[in-house]
Amino acid sequence: MRLSQFHLATVKEVPADAEIASHQLMLRAGMIRKLASGLYTWSPLGLRVLRKVENVVREEMNRAGAIEMLMPTIQPRELWEETGRWQKFGPQLLKIKDRKEQEFCYAPTAEEVVTDYARNELNSYKQLPVNFYQIQTKFRDEIRPRFGVMRAREFLMKDAYSFHLGQESLAETYQAMYDAYSRIFTRLGLKFRAVQADTGAIGGNASHEFQVLADSGEDAIVFSDGSDYAANVEKAEALAPATSRPAPGATMERVDTPVQKTIAEVSAFLGVAPAQCVKTLLVKGRDGLVALCLRGDHELNEVKAGKLAELPDEVVLASAAEILAATGARPGFIGPAGLPAAIPVIVDRSAAVLADFVCGGNADGTHQTGANWERDARMTRIDDIRQVVEGDPSPDGHGTLHLARGIEVGHVFQLGGKYAEALGATVLDDQGKAQVMLMGCYGIGISRIVAAAIEQRHDDAGIIWPEAMAPWRVAVCVINPKGNPDIATAGESLYQELAARGIETVLDDRGLRPGAMFADMELIGIPHRVVVSERGLAAGTLEYRARHEAESRAVTRDELLALLG
RNA sequence: CGGGGUAUAGCUCAGUCUGGUAGAGCGUUGCGUUUGGGACGCAAAAGUCGGGGGUUCGAAUCCCUCUGCCCCGACCA
């Protein structure tokens with residue numbers, strides 16, 4: 001590509017509404033432009049990168065035996081009613097009407113449509129297993145779109161759905177997808193981790209997320225230093241402490257804490273470590289309020305809490321008014337000792353081994369010291385309800401856990417029979433009997449990968465693309481071609497030769513001054529830069545610099561060709 | 001959904017408090033000089049000041065209202 005024939009639209013100034021590096025750089029490089037909240041136009045430059053990612057994904061999906069197809073983005077209400085998701089998906093589902101007032105949604109995912117296709121097209125076990133995939137636009141009406149294409153409302157996703165007669169076959173394809181995903185992210189040059197993920201309300205047997213490691217990531221993940229255990233923090237189990245609860249050593253005493261409400265305030269005021277306090281959260285249960293007790297230095301894991309039988313899937317904290325009505329005290333002074341008998345008390349494993357602890361006094365302005373379980377405070381049940389923290393033992397018994405931030409770019413999931421059952425997708429088995437198919441689903445956020453890669457790979461000058469994602473591998477920059485026609489000729493000939501060898505090259509023939517040209521090529525992250533100049537012509541060399549290196553060096557034409565392979 | 005902020009030229013922003021003919025930098029166009037790290041000079045084009053309503057002799061500026069966008073919160077017991 002000759003840059004004079006392309007549309008490059010870089011900007012010097014950092015856009016005002018971009019917070020994180022990838023968003024800023026994508027705007028500055030002119031890869032995307034915002035149309036409205038969560039909606040982005042991909043420029044010619046941006047699209048080149050997006051297509052690179054798409055093609056790697058497509059190649060590896062095909063290699064893993066998946067079959068590409070394409071489903072509509074607009075889908076009829078009736079189908080979504082069959083699975084109950086027309087209501088259940090909530091406000092994230094964008095609903096629209098056509099001229100006949102028929103209702104549709106813009107697809108946030110395609111289980112319904114693919115399963116409808118499968119129930120019509122698949123009749124026999126001989127057709128299984130099969131794995132359909134598409135690379136298609138999705139729309140999710142996010143509460144708060146942010147970070148550019150990282151969390152956009154409209155985005156490009158690869159979604160695959162596999163169909164099976166038995167669990168064993170599902171597990172095989174699941175593993176094949178897991179392996180394909182690992183190859184994809186490796187080929188794309190990303191630092192990533194596959195982590196165990198929560199299977200959520202859908203149930204199912206197994207689920208892994210593929211997380212690109214980046215400090216700006218919205219997800220927290222944990223991994224062990226003594227094994228290959230890795231999980232989303234939502235899923236990671238906090239083991240019960242190895243030590244058992246000491247016998248009570250103190251008597252319980254009420255102390256005045258007139259304005260101290262938070263654990264930090266109370267522990268500072270009383271001179272007691274947060275780990276020796278019990279914090280009590282009152283949440284709305286399925287049937288009245290429920291108390292959740294945690295060690296003062298621990299946080300509630302809402303996903304774990306949502307699985308408790310007493311609580312709805314979505315954990316909601318009780319309001320100040322509800323707490324006052326139930327306990328006679330305001331938030332900040334609630335504790336397990338002396339709570340009304342109607343409130344179940346679910347105690348985290350770590351909080352359960354405390355003795356002589358500090359907790360709220362269930363009366364405004366007071367806390368209790370020297371409190372003890374059983375003697376002073378009743379426990380309905382002990383369970384794992386906290387978030388794991390740095391240094392916790394790994395749930396598999398090997399090593400300790402470390403925390404990291406990640407960007408979820410892929411998710412593989414064994415769905416089981418959920419959708420096939422709801423939609424009546426069956427095949428005849430070898431006995432001639434109808435069997436509900438089992439399903440797996442496997443997603444990759446194509447557009448998000450572009451942003452995630454930049455998060456991981458950039459410097460002050462701009463993007464540093466991995467070779468597999470770069471819009472072009474090589475940039476040929478000609479200096480003052482108008483002043484010296486030999487330079488223009490040499491640049492053109494080098495460009496032709498690289499192109500003839502199948503090396504994707506961009507020739508910067510815009511005639512800009514060197515500084516502006518270099519700044520652009522660095523901003524848009526081209527991995528290899530070759531400068532053709534008067535100096536070089538005189539010496540018979542070219543000047544080469546890799547994007548990730550600080551210095552350039554003189555090379556001959558042959559050396560350059562060898563270097564670029 | 002709640003809270004906060006913001007809306008002025010293509011972009012980044014000043015001007016608003018204290019009402020009086022619309023500003024800068026970057027970018028764009030033309031001419032000239034320049035050509036190894038975002039060049040310089042001269043000239044030029046470009047804004048219904050987010051929309052609507054009100055107050056006033058006069059509104060970017062004050063008041064009301066609507067809308068867009070951004071941020072924060074959904075961890076406080």
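All values below come from the heavy atoms of this structure, side chains included, with hydrogens, waters and symmetry mates left out. In this text, all values refer to a predicted model and were calculated from it rather than measured experimentally.
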Practice task
Starting at atom CG of A/Asn484, determine the distance to atom C1' of B/U34, rounded to an integer number of angstrom.
Solution key: 16 Å
Handout entry: Euclidean distance for P, B/G50 against B/G15 (whole angstrom)
Key = 15 Å
Practice task
Pick the C1' atom in B/U12 and in B/G47, then give their distance to the nearest Å.
Solution key: 15 Å
Practice task
To the nearest 0.5 angstrom, please state how far the CD1 atom of A/Ile343 sits from the OG1 atom of A/Thr280.
Solution key: 10.5 Å
Practice task
Have a look at A/Lys482 and say if it touches a base, only the backbone sugar-phosphate, or nothing, with a 4.0 Å heavy-atom cut-off.
Solution key: nothing
Problem - Proximity to the side chain of A/Leu523 - top-ranked nucleotide from B/U35, B/G38, B/C75 - result: B/G38
Completion exercise
Answer for the Watson-Crick or wobble partner of B/C62, both distances under 3.5 Å, is B/G54
Exercise for the section: Please state the C1' separation for the pair B/U55 and B/C71 - nearest whole angstrom. Expected result: 33 Å
Problem - Interatomic distance, A/Gln24 CD vs B/U12 C1' [rounded to whole Å] - result: 13 Å
Problem - Among B/A77, B/G38, B/C69, the nucleotide that comes nearest once only the side chain of A/Lys34 is considered - result: B/C69
Handout entry: C1' spacing across the pair B/C26 / B/C40, given as an integer number of angstrom
Key = 16 Å
Problem - Check: A/Glu13 side chain, B/G38 base, donor-acceptor under 3.5 Å - result: no
Exercise for the section: In whole angstrom, give the distance that lies between atom NZ of A/Lys304 and atom C1' of B/C75. Expected result: 15 Å
Practice task
Round to a whole Å and report the spacing from CE of A/Met517 to C1' of B/U35.
Solution key: 9 Å
Practice task
From the options B/C75, B/C72, B/C69, select the nucleotide whose nearest atom is closest to the side chain of A/Glu299.
Solution key: B/C75
Exercise for the section: Have a look at A/Thr262 and say if it touches a base, only the backbone sugar-phosphate, or nothing, with a 4.0 Å heavy-atom cut-off. Expected result: sugar-phosphate
Problem - Touch class at under 4.0 angstrom, heavy-atom based, for A/Ala318 against every strand present - result: base
Problem - Counterpart base for B/G25, defined by Watson-Crick or G-U wobble contacts under 3.5 Å - result: B/C11
Practice task
Mark yes or no: A/Arg529 above the aromatic ring of A/Tyr544, with NZ or CZ under 6.0 Å from the six-membered ring centre and no more than 45 degrees from the axis.
Solution key: no
Exercise for the section: Nearest-nucleotide wise, let me know which of A/Gly483 and A/Ile334 is further upstream toward the 5' end of RNA chain B. Expected result: A/Gly483
Exercise for the section: Describe the nucleic acid contact of A/Lys12 in one word from base, sugar-phosphate, nothing, applying a heavy-atom distance below 4.0 Å. Expected result: base
Completion exercise
5'-most contact on RNA chain B (nearest-nucleotide basis), A/Glu19 vs A/Ile143, goes to A/Glu19
Practice task
Specify the separation, in whole Å, of atom CG of A/Asp508 and atom P of B/G38.
Solution key: 16 Å
Problem - Distance, P atom - from B/G27 to B/G41, rounded to whole angstrom - result: 12 Å
Fill in the blank from the handout: The nucleotide from B/C72, B/G38, B/U35 with an atom nearest the side chain of A/Arg146 is B/C72
Practice task
Look at all strands and tell whether A/Arg529 reaches a base, only sugar-phosphate, or nothing, counting heavy atoms closer than 4.0 Å.
Solution key: base
Handout entry: Paired nucleotide for B/U34 [Watson-Crick or G-U wobble; both distances under 3.5 Å]
Key = none
Exercise for the section: Decide yes or no, distance alone: a donor-acceptor N/O pair under 3.5 angstrom between the base of B/G27 and the side-chain of A/Arg28. Expected result: no
Handout entry: Below 4.0 Å: OP1/OP2 of B/G68 and any side-chain N or O of A/Ser37
Key = no
Practice task
Check the side chains of A/His411 and A/Glu408 for a donor-acceptor pair under 3.5 angstrom, ignoring hydrogens and angles.
Solution key: yes
Exercise for the section: Could you tell me whether the side chains of A/Thr10 and A/Asp520 share a donor-acceptor contact shorter than 3.5 Å? Expected result: yes
Problem - Residue matched to B/U6 through Watson-Crick or wobble contacts both under 3.5 angstrom - result: B/G68
Handout entry: Cation-pi, A/Trp86 ring and A/Lys95 (6.0 angstrom, 45 degrees)
Key = yes
Completion exercise
From CG of A/Leu282 across to C1' of B/C75 the rounded distance in Å is 14 Å
Completion exercise
Considering only heavy side-chain atoms of A/Arg513, the closest of B/G38, B/A77, B/A39 is B/A39
Practice task
Classify the nucleic acid contact of A/Arg545 as base, sugar-phosphate or nothing, counting any heavy atom under 4.0 Å across all strands shown.
Solution key: base
Handout entry: Distance, P atom - from B/U61 to B/U21, rounded to whole angstrom
Key = 14 Å
Practice task
Please state the P separation for the pair B/G58 and B/A39 - nearest whole angstrom.
Solution key: 50 Å
Exercise for the section: May I ask you to decide if A/Gly361's main-chain N or O and A/Arg254's side chain share a donor-acceptor pair within less than 3.5 Å? Expected result: yes
Practice task
Indicate, with a heavy-atom threshold strictly under 4.0 Å, whether A/Glu543 touches base, sugar-phosphate, or nothing.
Solution key: base
Problem - Under 3.5 Å on both distances, the Watson-Crick or G-U partner of B/U48 - result: none
Fill in the blank from the handout: Taken to the nearest whole Å, CZ/A/Arg547 to C1'/B/G37 is 13 Å
Handout entry: Nearest-angstrom distance, C1' atom, B/U28 to B/G10
Key = 8 Å
Handout entry: Electrostatic pair A/Arg140-A/Glu154, nearest N-O below 4.0 angstrom
Key = no
Handout entry: Length of the CG-P vector between A/Leu27 and B/U12, whole Å
Key = 10 Å
Practice task
Decide yes or no, distance alone: a donor-acceptor N/O pair under 3.5 angstrom between the base of B/G3 and the side-chain of A/Arg144.
Solution key: no
Practice task
Just call it for A/Phe333: base, sugar-phosphate, or nothing, with non-hydrogen atoms closer than 4.0 Å on any strand.
Solution key: sugar-phosphate
Exercise for the section: Check every strand shown and say whether A/Glu522 touches a base, only sugar-phosphate, or nothing at a heavy-atom separation below 4.0 Å. Expected result: base
Practice task
Taking all heavy atoms of A/Arg553 and all of A/Leu563, pick out the closest pair and write down the distance.
Solution key: NH2-CD1, 3.0 Å
Exercise for the section: Report yes or no: do A/Ser37 and A/Arg144 form a side-chain donor-acceptor pair below 3.5 Å? Expected result: no
